[in-house]
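These notes concern the structure reproduced below.
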Amino acid sequence: MADLPRLRAVSDCGLLVEFAEELSDTAHAAVLALDRVLAADPLTGQAEVVPAYVSLLVVFDPLVTDHAAVAAGVKARLGRAVGGGGAASAHEVAVIYDGPDLAEVAHRTGLAPEAVIAAHLSGEYAVYLYGFAPGYAYLGGVPEAIRLPRKEAPVRGVPAGSVIIAGGQCIITTLTMPTGWWVIGHSPVTILRPEGMLFAVGDRVRFRRVQP
Amino acid sequence: MSAVLRVVTAGPQVSLQDAGRPGAMRFGIPRSGPMDRGAFAMASAAAGGTAGIEVSRGGLVLDCITGAAGFAVAGGGFIVERSGGRTGSWHAGVISAGERIVVRPGYWGSWCYLVLAGEVEGPRWLGSLATHAPSGLGGGLLRAGDEIRVTGGGPVREGALPCPVWARPRDVLRVVMGPQERFFSPRVRAAFLSEIFRVTDAGDRMGVRLRGPALGPEGALAIPSEPVVRGAVQVAGDGVATVLMADHQTTGGYPKIACVIGADLDGFAQLRPRDAVLFRSVTPEAAVGAARVRANAEAIAVAALRRR
């Protein structure tokens, strides 16, 4: 671990800070910590910071700085704690469990549909990252009992607002898109708001059941 | 000046664009904006505007319904027809009520910009009119019958604009290797840097797929999704490479063998299907140097157009 994180040059405008090669809670915590430090104490020429599971990308303006200066700035900020203001927000999100795949998830997990719903409701979720499409927040924390690999082939036209799961992750979709994830319900919540996204990376989420 | 313009016909992927919405990649939102940023900057400077229409090889026919609007066209070797006259795609002027402007593909190039003088009205998303094509958010893809209102534009002098040498298509693309080149064997990396790739017609604002030697990664399909930048050369499990463009996904689990540097991306965007490209590796330091050289050249050209 002595050589971690690894700093990798990305094109002419980025530095990828990689805390691990595989999924790890420790590495993700390190991503969130560095993200907070870079927000509180930005680097010269820092354009934006993109956190992911185990890595974080610093995008910079190549007219102002370069990879070496950004790497030095990142190293100086590693392990630094940010006091106050860094607390994650908690959200409660309403779900109507009427997804077309609920029965299939129940069948594949050997649970009753009500038990699938109860398991999904029992999860304590965190926003790991955004990706795939605007507003697609990847929520980690799906309980073991209802973790399934994604479908073999994606299904087209899954509507915006669908609550979908695969493996340990859950997404509330924001656009009508194809997906190979399991659609267990839908939510009236709006993540993609004109004034900005509902969740920040690192926020906590609980689901609440509502009737159709 | 102000005007209302009506779209008579618009090919696929013709959209409203401004310089884009930077800073939202952490929310899964790429910058979007023009595929050829340099050409858009030239048209904006010449028109005295900040937004306009990105025209694909599908072309555009636009009528001016009321008023008059200054405009500038730049990007590619398109053909512009107006009131019987015909010019190339590096041209500025004024379009008035009753006039029609036609932008269609010419000898080279894939993207052309019609920037309007003044302020273009339209749905802004997170402060920008730039269209994110996969979602349609922002100003949006244009269709027959759409109306575009523009207000507050100054006069634009009729005449040709210079097409700078850096606005031409590029067939040798400088790349910075990585950030996931370690998942490719030395043989595959050597092939990537020595063999010819060709642009395919599987290309849009999200990315352009290439045809060439298979670049099969070695057991990399389980890598956790990492953030990606425009220009990243992403290799899917089948060994096919895609260069990510303006509306790219912001994270991805496919390994990126290299990234095309910003200075060469506009020239790549202007290539057409079946055009050949070669990748040449440069150091990150050289890539930053190239970005500065290119920005300087662009700034000089843009300043000259502003004084025009």
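In the text below, chain A, chain B and the rest are named by the order of the sequence lines, each starting its count at 1. The model shown is predicted, which means the values in this text are computed figures rather than measured ones.
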Check your understanding: Going by heavy atoms in the side chains, are A:Y138 and B:S225 under 4.5 Å from each other?
Key -> no
Check your understanding: Among A:M177, A:R193, A:E18, which residue forms the greatest number of heavy-atom pairs with chain B at distances under 4.5 Å?
Key -> A:E18
**Study point:** Euclidean distance, A:D66 CG relative to B:E285 CD, rounded to 0.5 Å
**Key:** 7.5 Å
Practice item. Answer yes or no: are there more than 12 heavy-atom neighbours, outside A:R206 itself, under 6.0 Å from its atom CZ? Key: yes
Study note, to complete from the structure: OH (A:Y53) and OG1 (B:T251) are apart, to the nearest 0.5 Å, by 7.5 Å
Check your understanding: At a heavy-atom separation under 4.5 Å, does B:V282 approach chain A through its side chain, its backbone, both, or neither?
Key -> neither
Practice item. Could you look at A:A9 and say if it's the side chain, the backbone, both or neither that has a heavy atom under 4.5 Å from chain B? Key: both
Revision key, fill the gap. Heavy atoms of A:G196 and B:L126 approach each other most closely as N-CD2, 4.0 Å
Practice item. Flag yes if more than 12 heavy atoms outside A:R150 fall under 6.0 Å of its CZ atom; otherwise flag no. Key: no
**Study point:** Reported CD-to-CZ distance for the pair B:E226 and A:R8, which is rounded to 0.5 angstrom
**Key:** 7.5 Å
Point to revise | Atom group of B:R31 that falls short of 4.5 Å from chain A, counting heavy atoms | key: neither
Revision key, fill the gap. Okay, B:H248 and chain A: the region with an atom under 4.5 Å from a heavy atom over there is neither
**Study point:** Close side-chain approach of B:Q180 and A:L16, heavy atoms under 4.5 Å
**Key:** yes
Check your understanding: At what distance, to the nearest 0.5 angstrom, does CZ of B:R294 lie from CG of A:L63?
Key -> 11.5 Å
Check your understanding: Is the number of heavy atoms from other residues, nucleotides or ligands within 6.0 Å of CG (A:D25) greater than 12?
Key -> no
Point to revise | B:K256 vs A:V10, side chain to side chain contact (heavy atoms under 4.5 Å, CB included): CA-CA, chis, key distance, verdict | key: CA-CA 10 Å; B:K256 275 68 70 183; A:V10 178; over 6 Å; no
Exercise for review: Would you check if the side chain of B:R292 reaches a backbone N or O of A:P62 as a donor-acceptor pair within less than 3.5 Å?
Suggested key: yes
Practice item. Sort A:T65 into side chain, backbone, both or neither according to what part of it lies under 4.5 angstrom from a heavy atom of chain B. Key: backbone
Review point. Using non-hydrogen atoms only, which part of B:A263 is less than 4.5 Å away from chain A: side chain, backbone, both, or neither?
Key: backbone
Review point. If you tally heavy-atom pairs under 4.5 Å against chain B, which of A:G131, A:S11, A:A52 wins?
Key: A:S11
Point to revise | Portion of A:I191 that has a non-hydrogen atom of chain B nearer than 4.5 angstrom | key: neither
Point to revise | Residue pair A:Y130 / B:G28: nearest heavy atoms and the distance that separates them | key: CB-N, 3.4 Å
Practice item. Count the heavy-atom pairs under 4.5 Å between each of B:C259, B:A295, B:G289 and chain A, then report the option with the highest count. Key: B:C259
Check your understanding: Heavy-atom count around A:E92 CD within 6.0 Å, excluding the residue itself: above 12?
Key -> yes
Check your understanding: When only pairs under 4.5 Å are counted, which of A:C13, A:P51, A:G135 shares the most heavy-atom pairs with chain B?
Key -> A:P51
Review point. Does NZ belonging to A:K151 count more than 12 external heavy atoms closer than 6.0 Å?
Key: yes
Point to revise | Between CD on residue A:E48 and CZ on residue B:F27, distance to nearest 0.5 Å | key: 10.5 Å
Review point. Side chain, backbone, both or neither: which part of A:V64 has an atom under 4.5 Å from a heavy atom of chain B?
Key: backbone
Check your understanding: Sub-3.5 Å donor-acceptor pair from the side chain of B:R26 to the main-chain atoms of A:V49, do we have one?
Key -> yes
Check your understanding: Taking atom CZ of B:R149 as the centre, does the number of heavy atoms from other residues, nucleotides or ligands within less than 6.0 Å exceed 12?
Key -> no
Practice item. Answer yes or no: is there a donor N or O on one side and an acceptor on the other, between the side chain of A:D12 and the main chain of B:I261, under 3.5 Å? Key: no
Review point. Based on non-hydrogen pairs under 4.5 Å, which of B:P227, B:A258, B:P134 is most in contact with chain A?
Key: B:P227
Practice item. Taking atom CZ of B:R209 as the centre, report whether more than 12 heavy atoms of other residues, nucleotides or ligands fall under 6.0 Å from it. Key: no
Check your understanding: Which bit of B:A24 comes within less than 4.5 Å of chain A, counting heavy atoms only: side chain, backbone, both or neither?
Key -> backbone
